[in-house]
Amino acid sequence: MHGSVADGHRLARVSPPDQQLSPLRLIRTVIRNPIETWPKPVYEQPLYRSRFMGREIVFVMEPDLIRQVLVDQADAFVKAESLRRALQPLLGDAILTADGARWRWQRQAAAPIFRPDQIRSFVPAMIAAAERRRELWLSRVGQEVNVAQEMMHTTFDIIAETMLSSQGRADVSRVEQAFTDYLNTTSWVIALILLRAPRWMPYPGRRRAERARDYLRGEVARIVSERRHGDQAYPDLITRLLKATDPETGRAMSDRDMVDNVLTFITAGHETTALALTWTFYLLSLHPEIEERVVQEIEAVTQGSALREEHVEALSYTRQVILEAMRLYPPAPVVVRTATRDVSLGAEVIRAGSPTYIPIYAIQRHRLLWDEPDTFDPDRFAPEAVKARHRYAYLPFGAGPRICIGMSFALSEAVVILATLLQSVRLSLRPSFVPELKQRVTLRPAAGMPMRIQSR
Ligand code: HEM
């Protein structure tokens, strides 16, 4: 095992309450940071039921039961109301938020763009964006940057380039601020759902979130309209979606469907990978011996040359490091469903209407599933170790029919960015800085990730 005890106490983690919080504390905590409401049994037991205002919420942690929910009996579950109400104002009824036939055809429309040959064709754009970031950093050696923000900009560049062919280059800082303003209010939405408040209920930040939503949707609508009426065809997501037709109705996507889907891909497709990288840099700075192993692998594979597409596959330890970082800090820390009928899970029953949590963050640190769960150890992802483990003990990308469509894209992208940057720079965390984990749909470092750039 790598990772010393001295490092251990600095590794950011959630401190769970011993048991379910009292109703008032629960609501206050949901608003501040929903993940802090999960009590210890969620990290220690196979299944846990909590109650709030007469409604039951079921947490499922046992890998065989997880497979039941996400795969074997997936047709008995839909996306949960909390996700829908938190995200639909921004993302509409597109691939991430829709269910049933409406989801299926949107997934099929987008799927070809994520085939392995397509993803390989995106790697040069990923490398170019990583190299641009590296040049910027090399001009700022000795300075401190917020790595969370830097990674957000880098992955945004890549998603814009590969999915939208960089149409109508957006003001990245403004776009990021808009996402933050919007996502910051989602915990209020979750709290109001728990309280069964009506949708019109005002809450702090609501107006700002609505302005952010209007801005983001307006920007994307402009891009879609230019593409619909332009004569240039690019080999990208927009072209695919414009050509797709719903097999049930035979109709193509409306402007609204287009905006919903394109914005969904931008949202789902850049912040998550940026967070995976941010937490990876954080962990590496606390584990120099592991960073050294990564750097040596990069040198051995590239022979000191610039990174190329054919190197990506060979960087297996680099990939293991990213996988282990996503175990400790899963960018999407939970998936939530609602049972549409009573569902038997082994000896347990989930009642129709019950929100069902697959708490990825807790599963990946579960006492029954992992040795020394809070220790950073990329050797857990060596091929033999992976084979010896239950497939559903690790699910940063979810599982089953709703598994992340961008999984391979994200992994290639993360390897490319990490390897390109580590070739030339070293990042050191601001001394004694301990990030606070904050759940805002994704798992963010609450105050960013201040790290100093050094050349290597
Ligand atoms: C490290 C990066 C990423 C992580 C951790 C991640 C995680 C996830 C997870 C957990 C889900 C399943 C949600 C559920 O079952 O409720 C999901 C779905 C999805 N992801 Fe990702 N994702 C990542 C990167 C990406 C990228 C790069 C893209 C697109 C370019 C993307 C697009 C999507 C879409 C469209 C869905 C919805 C799929 C569906 O419902 O059919 N994601 N992602």
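Atoms within a ligand are numbered from 1 in the order they appear, just like the ligands themselves. All of these numbers come straight from a predicted model, not from anything done at the bench.
- There is no side-chain donor-acceptor pair under 3.5 Å between Thr154 and Asp157.
- Under a 3.5 Å cut-off, the side chain of Gln439 and the backbone N or O of Ile35 do form a donor-acceptor pair.
- Near Phe265, meaning under 4.0 Å from any of its heavy atoms, are these atoms of ligand 1: 29 (C), 35 (C).
- Within the 3.5 Å criterion, the main-chain N or O of Pro435 finds no donor-acceptor partner in the side chain of Tyr282.
- Every atom of ligand 1 with a heavy atom of Ile159 under 4.0 Å away is listed here by number and element: 30 (C).
- For the ligand labelled ligand 1, residue Met326 lies inside the 4.0 Å heavy-atom shell.
- Checked for salt-bridge contact, Glu44 and Arg367 miss the test: no charged N lies under 4.0 Å from a carboxylate O.
- Side-chain contact, Glu62 with His366: no donor N or O sits under 3.5 Å from an acceptor N or O.
- With Glu413 contributing its side chain and Ala274 its backbone, the two residues share no donor-acceptor pair below 3.5 Å.
- Ring pair Tyr361/Tyr43 is perpendicular by interplanar angle, where above 60° counts as perpendicular and below 30° as parallel.
- The aromatic rings of Phe265 and Phe114 sit parallel, their planes meeting at an angle under 30°, below the 60° perpendicular limit.
- Atom 13 (C) of ligand 1 has Val335 CG1, 3.7 Å as its closest protein atom, hydrogens excluded (heavy atom only).
- The proximity of Leu395 to ligand 1, defined as any non-hydrogen pair under 4.0 Å, does not occur for either the backbone or the side chain.
- If you number the atoms of ligand 1 from 1 as listed, the ones under 4.0 Å from a heavy atom of Pro331 come out as 5 (C).
- For atom 38 (C) of ligand 1, the closest non-hydrogen atom of the protein is Arg107 NH1, 3.4 Å.
- Scanning the protein for heavy atoms near atom 37 (C) of ligand 1, the closest one is Leu96 CD1, 3.5 Å.
- For ligand 1, the atoms closer than 4.0 angstrom to any heavy atom of Phe409 are 27 (C).
- Within the structure, ligand 1 lacks Thr162 among the residues with a heavy atom less than 4.0 angstrom away.
- Counting protein heavy atoms only, atom 7 (C) of ligand 1 is closest to Pro396 O, 3.5 Å.
- For atom 15 (O) of ligand 1, the closest heavy atom belonging to the protein is Arg337 NH2, 2.7 Å.
- Of all protein N/O/S atoms, those under 2.8 Å from atom 21 (Fe) of ligand 1 are Cys404 SG, and waters are not counted.
- Classified by interplanar angle (parallel below 30°, tilted 30° to 60°, perpendicular above 60°), the ring pair His270/Phe156 is perpendicular.
- Remark: side-chain polar atoms of Arg213 are not paired, donor with acceptor, to backbone N or O of Tyr182 under 3.5 angstrom.
- If you check the side chains of Glu271 and Thr442, you find a donor sitting under 3.5 Å from an acceptor.
- With salt bridges taken as basic N to acidic carboxylate O contacts below 4.0 Å, none links Asp181 and Arg174.
- When the options Lys79, Arg337, Arg104, Arg84 are evaluated for a side chain to side chain donor-acceptor pair (under 3.5 Å) with Asp99, the one that passes is Arg84.
- Residue Lys79 touches ligand 1 through its side chain alone, judged by heavy-atom distances below 4.0 Å.
- On a distance-only criterion, Trp103 and ligand 1 share at least one N/O pair closer than 3.5 Å.
- Within the 4.0 Å heavy-atom criterion, both parts of Arg402, backbone and side chain, lie near ligand 1.
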